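Below, read A as the first sequence line, B as the second, and so on, with proteins coming before strands; counting in each chain starts at 1. Predicted model, so just to flag it, every value in this text is computed and none were measured.
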Amino acid sequence: MSIAKTYNPKETEEKWYKTWMEQGFFRSKPNPRKQPYTIVIPPPNVTGVLHMGHMLNNTIQDVLIRRARMQGKEACWVPGTDHASIATEAKVVAMLREKGIQKTDLSREEFLEYAWEWKNKYGGIILEQLKKLGASCDWDRTRFTMEPDLTKAVIDVFVDLYRKGKIYRGVRMVNWDPVGLTAISDEEVIAKETTAKMYHLRYKLEGSEEFIVVATSRPETIMADVAVAVNPNDDRYKHLIGKNVLIPLLNRAIPIIGDEYVAMDFGTGCLKVTPAHDLNDYELGVKHNLPVIDILNDNGTLNEKAVLYVGQDRFAARKQIVKDLEPAGLLADVKEYASVLQTSERTGAVIEPKLSMQWWVKMDTLAKPALDAVMNDDIKLHPPKFKNMYRSWMENVRDWCISRQLWWGQQIPAYYLADGSFVVAPTLEEAVEMAREKTGNQHLTESDLRQDEDVLDTWFSSWLWPISVFDGFKDPDNKDINYYYPTNDLVTAPEILFFWVARMIMAGYEYRKEMPFKNVYLTGIVRDTQGRKMSKQLGNSPDPLDLIEKYGADGVRTGMLYSSPAGNDLLFDEKLCEQGRNFSNKIWNAYRLISSWECDQTLESPNESAIAWFESRFNQEFAVLEEHFEKFRISDALMTVYKLVWDDFCSSYLEMIKPAYQKPIDPHTLKATHHFLENILKVLHPFMPFITEEIWHELKERPVKDCLIIAPWPKIDKVDTILLEKMERVLDIVAGIRHIRNTKNIPNNKALNLHVKTASPHYYNGFESIIRKLANLETVSYSEAIIDNAISFVEGPDEYFVPMEGNIDVEAEKDRLQKELEYTKGFLASVDKKLSNERFVSGAPAIVLEKEYQKKADAEAKIKALEESLAALA
RNA sequence: GGGGUGUUAGCUCAGCUGGUUCAGAGCACCUGCCUUACAAGCAGGGGGUCACUGGUUCGAAUCCAGUACGCCCCA
């Protein structure tokens, strides 16, 4: 045989991906005769590399898009990347540092030049990696969130929302990343549980030797204290309200104020108020009209307003001040407590709540339609358990901080005049016009305006993605946007349900008056077998490309999907890819077998039952498959196909029809088998595109355009349930005989005889040959008699006897039959009990009752058969 | 602290609107096989009081309540 014994993925993957590209099968353009099916890729970070999360996510998208394509829809999967401002800027800064260049040495323009250079060098890597996976994106449509058209969309949206009053500028408490030196959004903050220390500090009452004890986790911020607050209902302290205390070490006097916000049972009941460095304190400060003293620099060191420890890092200062407080007798106690540390998702730095001037998007009116769309299922989340989470977030949504103190990104189109006032306009020229109008000064020029230094949050680009990739801002009535929007399915991780999904929905309703997608499939997180998140630090993440190299893209794709129900984390094990590879090999060998058959045109088909059975079986499982797809149960869909191919097609059907060694096959069976294999390749193709395309072409010569990737998806068809039931019994009989072989150590190549005790031998017409073949039988006989010296078993109403040469172990046989008899009698008793219960008989629906009577009859027949066999043995 | 969600074979998970042919699947495991498509394989097999307690019902893995533990989101 010339075909390799094992499937070799490497050659075929490259070959077919190239062919698909050349033939333009991935390309899509609006076609009014076809129904559109659209997916926009969740744009990966432009400087990133493929990780396991991408593999899972993009495999699912490819499965969906390939199925849609075969269903004859106009399938369009739009790829692209986002500019990931903070992550990319960090990488560029690190690259420059290696070259000995500080970011601060460069002008904005010079820095951006380096950044673009970096982007152009590494920006395409991740998309190339997706091709290795088999991703059938329309690469001609590749977009990037910082390309000119998309940038223009971002700027225009900013200006538009500003003019609608939905964007404003203001001083607010933000999450400050002292390492990244930028504000970040609430969603980019990760809470980490830790044990922290609570320091109890003595604040002396002014003009007295008495003191009160204040509990704080941040003693280094006492220099920023502007008050001490107590609960006015607190008998311990209420008489002190209005008096002053002295800040330890610093001896600056601050007032004691009363506010019910203070929890009497937390700490000591005395709260130091530091408006510049804590959100709650800030609000308290506003309420009580307190000043704000900000003692921290942007990088987390103390500034001169602190007076003490100036220039020291906040954590160094904390250590030092504790050392200084203790000998001064100002440290009353130190207690450990469980606390939550806010850290930056990007840099890992401990977040500093910081008051600063930023740009914000008002969320209230934007959120409303986005909430409704999900709650009323216009947009469906899969699995739906995420609806609750979505609602609670959207109902408590806070304004979105969109300015970032970075250079890599879209610079905010706000232009300041010398007096600090500003205008917002899409271009500098328009800004000058506006400024002239605003000031009445017609002599203003471009040089009188200074553009805001900050850039916009990357999500402020990404939230426009489903519209902007189709140029829906540039040209709101263009053919593409009208055809492809709203898109169908979005596949992404639950972690970005709010950052991204919710905001795309908002943008969709704001700018298209319509949802951006109909379904959101939320994947799980890929973890290792111990349940740990995959990360570079742990080194527990395999390189996806190595896996593809080792197991083939098809193997890895199926490996990813085997255990990935929607919304559940996937405990990834390389063994899953191995299983995928083994499956590839199984399919390959089925093809190898079929292709090895010589056809003799003169032969009649002996396989009518087998052919009719598999046809029904395929149709039955195909309907199940379709249902899984409709419900976005992708791993169940794969498992359905897996079992259909392995168990039904290979283990049963092919064994039934396989001609004897080196014997030819009849034309009818061969044709049917080819047809079945083609159907199997079709339903496998979305999961395993490469091997299926390869076999599709190996099976026969085809015209260039006749590729599996665009072959028509099967349709739901008739199922002969009676035939299916019959064959199920036939296969049970075969298993029964094989079981006897196993327990009696009878080799497979030794033919056996079978006697069937039956009242209806005609039942076996058309099936006897299958039983003979699969169980290796010499003769099959039928009568209503019982056979001596045989091992027997019961299936349905009939009993099967395999005569044994020599003596059988009568006692052991009796024992076995006795046990089965007991069990069946017990079963019958439970059925009888139910049927003798009047409330059951009167209350249960007719179908249930009927089933019970059937069970009773079956059990009685079986008991009768078993008793006869036992009697025969005695 | 508030809200959500889950607890089914060794592991990962299915079990829709309650009806014992629903206690399932895949993997893992055990036994026997190098049987000419495939040892990346074939055949057969064992394994779970469906977390715990109580309730509703003729009947509960499936509905309700509570307990324990886990995870997620928000404070």
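Rounded to a whole angstrom, the distance from the C1' atom of B:G18 to that of B:U56 is 11 Å. Taking atom C1' in both B:G66 and B:G26, the straight-line distance is 36 Å, to the nearest Å. Separating the C1' atom of B:G19 from that of B:U57 is a span of 11 Å, rounded to the nearest Å. Only the C1' atoms considered, B:C33 is 47 Å distant from B:U17, to the nearest whole Å. The P atoms of B:A23 and B:C73 are separated by 38 Å, rounded to the nearest whole Å. B:A25 sits 29 Å from B:G4 when the C1' atoms are compared, rounded to a whole Å. Comparing the C1' positions of B:G6 and B:A14 gives a spacing of 15 Å, expressed to the nearest Å. Straight-line distance between the C1' atoms of B:A43 and B:C38: roughly 15 Å, to the nearest whole Å.
A:Q342 CD to A:I184 CD1: the interatomic distance, rounded to the nearest 0.5 Å, is 9.5 Å.
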Assign a letter to each nucleotide of nucleotides 6-11 of chain B from its 5' end: B, base within under 4.0 Å of a protein heavy atom; S, sugar-phosphate only; -, no contact. ------
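An OP1 or OP2 oxygen of B:C27 is reached within less than 4.0 angstrom by a side-chain nitrogen or oxygen of A:Y642. OP1 or OP2 of B:U5 has at least one side-chain nitrogen or oxygen of A:N388 nearer than 4.0 Å. Here A:N582 reaches the OP1 or OP2 of B:G41: one of its side-chain N or O atoms lies under 4.0 Å away.
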Report the C-alpha distance between A:E352 and A:R218 in whole Å, list the side-chain angles of each, state the deciding distance to 0.1 Å, and finish with yes or no for salt bridge (charged side-chain N to carboxylate O under 4.0 Å, His left out). CA-CA 12 Å; A:E352 197 58 56; A:R218 302 197 62 188; 2.7 Å; yes
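In this structure, A:K575 places its NZ atom 13 Å from C1' of B:U12, rounding to the nearest Å. For A:K856 and B:G19, the NZ to P distance is 23 Å, given to the nearest whole Å. Atom CE in A:M656 sits roughly 16 Å away from atom P in B:C42 (whole-Å rounding). In this structure, the CH2 atom of A:W393 is 20 Å from the P atom of B:U5, given to the nearest Å. Look at CG on A:L828: it is 14 Å from C1' on B:U20, rounded to the nearest Å. The CZ atom of A:R398 sits 15 Å away from the P atom of B:C73 (whole-angstrom rounding). The interatomic distance linking A:L522 (CG) with B:C72 (C1') rounds to 13 Å, in whole Å. Rounded to a whole Å, the CG atom of A:D647 is 13 Å from the C1' atom of B:A43.
Heavy atoms of A:D569 sit under 4.0 angstrom from primed sugar atoms or phosphate atoms, though from no base atom. Within 4.0 Å of A:W646, counting heavy atoms only, lie sugar-phosphate atoms of the nucleic acid but no base atom.
For A:W400, the side-chain hydrogen bond (donor to acceptor under 3.5 Å, both in side chains) test picks out A:D457, with sequence neighbours left out. Applying the side chain to side chain contact (heavy atoms under 4.5 Å, CB included) rule to A:E630 yields the partners A:R67; only residues at least two apart in sequence or on another chain are considered. Applying the side chain to side chain contact (heavy atoms under 4.5 Å, CB included) rule to A:E574 yields the partners A:L547, A:K550, A:Y551; only residues at least two apart in sequence or on another chain are considered. In this structure A:N388 satisfies the side-chain hydrogen bond (donor to acceptor under 3.5 Å, both in side chains) test together with A:R391, sequence neighbours excluded. Annotation: side-chain hydrogen bond (donor to acceptor under 3.5 Å, both in side chains) contacts of A:Q854 (sequence neighbours excluded): A:D858.
For the segment residues 736-750 of chain A, the set of residues with a heavy atom within less than 4.0 Å of an atom of RNA chain B comprises A:R738, A:H739, A:N742, A:N748, in numerical order.
The side chain of A:S651 lies closest to B:C42 when the candidates are B:A40, B:C42, B:C72. Checked against B:C42, B:C72, B:A40, the side chain of A:M389 finds its nearest nucleotide in B:C72. Between B:A25, B:G44, B:A37, one nucleotide has an atom nearer to the side chain of A:A735 than all others, and that is B:G44.
With hydrogens and angles left out, the side chain of A:E655 and the base of B:A43 share no donor-acceptor pair within 3.5 Å. Residue A:K5 places no side-chain atom within donor-acceptor reach of the base of B:C38, judged by atom type and a 3.5 Å distance cut-off alone.
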Output a table of donor-acceptor pairs, distance under 3.5 Å, between side-chain atoms of residues 637-646 of chain A and any protein atom two or more places apart or on a different chain; print 'none' if there are none.
{"unit_1": "A:T640", "atom_1": "OG1", "unit_2": "A:D636", "atom_2": "O", "d": "2.8"}
{"unit_1": "A:Y642", "atom_1": "OH", "unit_2": "A:Q579", "atom_2": "NE2", "d": "3.4"}

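Counting only residues at least two apart or in different chains, side chain to side chain donor-acceptor pair (under 3.5 Å) contacts with residues 742-751 of chain A comprise A:K750-A:E805.
Dense packing is recorded around NZ of A:K773, with more than 12 heavy atoms of other residues, nucleotides or ligands lying under 6.0 Å away.
Taking 4.5 Å as the limit, some side-chain heavy atom of A:R503 sits within range of a side-chain heavy atom of A:M363.
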Using atom names, set out every protein N or O paired with an N or O of nucleotides 46-48 of chain B below 3.5 Å, distance rounded to 0.1 Å.
none

Between the protein and nucleotides 15-17 of chain B, list every N/O to N/O distance that falls short of 3.5 Å.
{"unit_1": "B:G15", "atom_1": "OP1", "unit_2": "A:R633", "atom_2": "NH2", "d": "2.3"}

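Aromatic ring pairs are classed by plane angle as parallel below 30°, tilted from 30° to 60° and perpendicular above 60°; the pair A:Y653 and A:F649 is parallel. By the 30° and 60° cut-offs, the orientation of the rings of A:F632 relative to A:Y521 is tilted. Between A:W393 and A:F498, the ring planes are parallel. Angles under 30° get that label, and only those over 60° would be called perpendicular.
With A:N607 contributing its side chain and A:T669 its backbone, the two residues share no donor-acceptor pair below 3.5 Å.
Mapping A:T6 and A:V734 onto RNA chain B by nearest heavy atom places A:T6 closer to the 5' end of the strand.
Helical stems in RNA chain B, defined as runs of 3 or more consecutive Watson-Crick or G-U wobble pairs with donor-acceptor distances under 3.5 Å: B:1-7 with B:68-74, B:10-13 with B:24-27, B:29-33 with B:41-45, B:51-55 with B:63-67.
No hydrogens or angles considered: nothing links the side chains of A:S584 and A:D554 as a donor-acceptor pair under 3.5 Å.
Classification of A:E725 and A:R729 as a salt-bridged pair fails, no side-chain N sitting under 4.0 Å from a carboxylate O. The residues A:E578 and A:K575 are annotated as not salt-bridged, no charged nitrogen and carboxylate oxygen being separated by less than 4.0 angstrom.
Cation-pi geometry between A:R617 and A:F676 is not satisfied (NZ or CZ under 6.0 Å from the ring centre, within 45° of the ring normal).
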